[in-house]
Amino acid sequence: MRQAFKYRLFPTKKQTEFLDTQLAEAQGLYNAALQERRDAYNISHVSINYYNQANQLKEIRANGDCGLENFSCCQDVLRRVDKTFKAFFRRCKEGKGKAGFPRFKSRDRYNSITFPSYGDGCRLLHNGKLRVQGLGQIKVKLHRAVEGTIKTVTLLREAGKYYVCFSCEVEPEPLPVLPNSVGIDVGLTTFAVLSDGTEVENPRHFRKSEEKLAHAQQVLARKKRGSNSRKKANKTVQKVHAKIRNQRNDFQHKVSRFLVNNYGAIFVENLNIKGLASGILAKSVNDAAWGGFLNKTSYKALNAGRVYGEVYAPGTSQECLCGAEVPKTLSDRWHHCESCGLSEPRDHVSSKVIKSRGLREYRKHLPSEAALL
Ligand SMILES: [Zn+2]
């Protein structure tokens, strides 16, 4: 199973400049490859594939038209273009609204290069430094050990700082079987509500960071376009964004770890994250970043040998444990069932419904030695 490990890099000034130019080169290649495909599509209605483009790489590099040091990195850039085009064609085929044509990337939106096979152009040394082709050794802050086998390496720029991200193949580490299970509902006011009544609150520092973000954005909005002070204000906004991202990731890791350590089977709603995020719940769903949380929970569960199930979502807030329908609008915060008398907060009942659906849907996958409660 793949798992990502991210660390801060401390390049020297010279190394930073080099990394910046490498990103710029990758961005140039990306846009050139995109341009070629767009032209081919618009002018002669043919589509160029990855191999057509990769076959030109040697020549392009020999001509000195691409300064990205590592050959495999160049291939990775072309693969990214390929991916966005495939996604574009898929959206066209599905007829999902307006399929946006793949767009060129500006400098500040192109922030990573990937070494697709570890050891080719990038390697972690025993002295704890990262060797990068054409650049030498960069200091890394390894705040936790890299686990498993490193497969790919990505160098990332976030708010002016550099990071390295190792994607590793990690061996499963099963935990002892637990005879219990839990259903989880996305909370509207809290982060999540568990079927045993536990409420997982959003940490308070989220609010604080959000206020900081709002303030930084106001400052940015007042700056004149193209001015230096605007650039500076923009940097501040990016910094706050990065901080929020890190805080959120930490929080998600903690909660998912708690769940996996304490429950034998974990059931969540199979929400259409995108659909929901653009709808009425936008703010709270974005806040809670449900998707990232589910990712972390599912891989940790898989790794520990836990049952992880996403259950059919519609109606989990509209029915009772007894099966009776209890219609509610979004503003109805309380569940009261006429037929069995169950009277509890709405989110609590939903999480119980999710649990019972999970136990039903995933019956075959539950450990036989434990009657899951
Ligand atoms: Zn009922």
Side-chain angles (χ1 to χ4, degrees), residues 177-202 252 255-256 258-298 300-301 306-373:
V177 173
L178 283 178
N180 60 357
S181 64
V182 68
I184 308 167
D185 186 54
V186 194
L188 285 179
T189 47
T190 53
F191 173 73
V193 177
L194 312 187
S195 51
D196 60 10
T198 311
E199 294 190 358
V200 184
E201 301 284 345
N202 273 309
Q252 292 176 350
V255 179
S256 54
F258 168 80
L259 292 170
V260 168
N261 285 352
N262 289 288
Y263 299 95
I266 299 160
F267 301 112
V268 299
E269 275 180 292
N270 177 7
L271 295 175
N272 174 353
I273 307 280
K274 263 191 191 156
L276 199 60
S278 58
I280 190 159
L281 298 177
K283 180 131 178 65
S284 22
V285 172
N286 281 333
D287 266 0
W290 194 240
F293 169 68
L294 294 191
N295 271 342
K296 292 180 185 69
T297 309
S298 68
K300 284 194 180 77
R306 297 292 194 228
V307 175
Y308 168 84
E310 297 186 354
V311 306
Y312 180 70
T316 46
S317 60
Q318 306 295 321
E319 76 177 47
C320 182
L321 276 177
C322 70
E325 275 185 39
V326 184
K328 303 177 199 72
T329 63
L330 257 180
S331 57
D332 294 336
R333 307 308 309 148
W334 200 266
H335 171 101
H336 182 79
C337 176
E338 299 285 342
S339 43
C340 75
L342 181 66
S343 185
E344 277 183 17
R346 168 205 182 107
D347 295 340
H348 289 197
V349 176
S350 301
S351 59
K352 286 181 183 170
V353 172
I354 290 166
K355 172 173 159 174
S356 79
R357 283 191 188 183
L359 288 175
R360 212 162 47 231
E361 280 182 39
Y362 290 85
R363 203 174 38 221
K364 282 185 204 146
H365 304 276
L366 302 174
S368 53
E369 62 264 48
L372 281 157
L373 305 165

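Each ligand, and each atom within it, is numbered from 1 in the order the structure gives. Worth knowing before you read on, the calculation uses all heavy atoms, side chains too, and leaves out hydrogens, waters and symmetry mates.
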* Using a strict cut-off of less than 4.0 Å between a Lys/Arg side-chain nitrogen and an Asp/Glu carboxylate oxygen, indicate whether R333 and D347 qualify as a salt bridge. => yes
* To do: Answer yes or no: is there a donor N or O on one side and an acceptor on the other, between the side chain of S181 and the main chain of A265, under 3.5 Å?
  => no
* Asked: Among pairs that include at least one residue of residues 318-331, which meet salt bridge (Lys or Arg N to Asp or Glu O under 4.0 Å), considering only residues two or more places apart or in two chains?
  -> E319-R357
* Test item: R346 side-chain N/O and S317 main-chain N/O as donor-acceptor pair under 3.5 Å -> no
* Is a donor on one side and an acceptor on the other found under 3.5 Å between the side chain of N262 and the backbone of N180? -> no
* Is Y362 reaching over with its side chain to a backbone N or O of E310, donor-acceptor style, under 3.5 angstrom? -> yes
* Work out how many protein N, O or S atoms lie closer to the Zn ion (ligand 1) than 2.8 Å. => 4
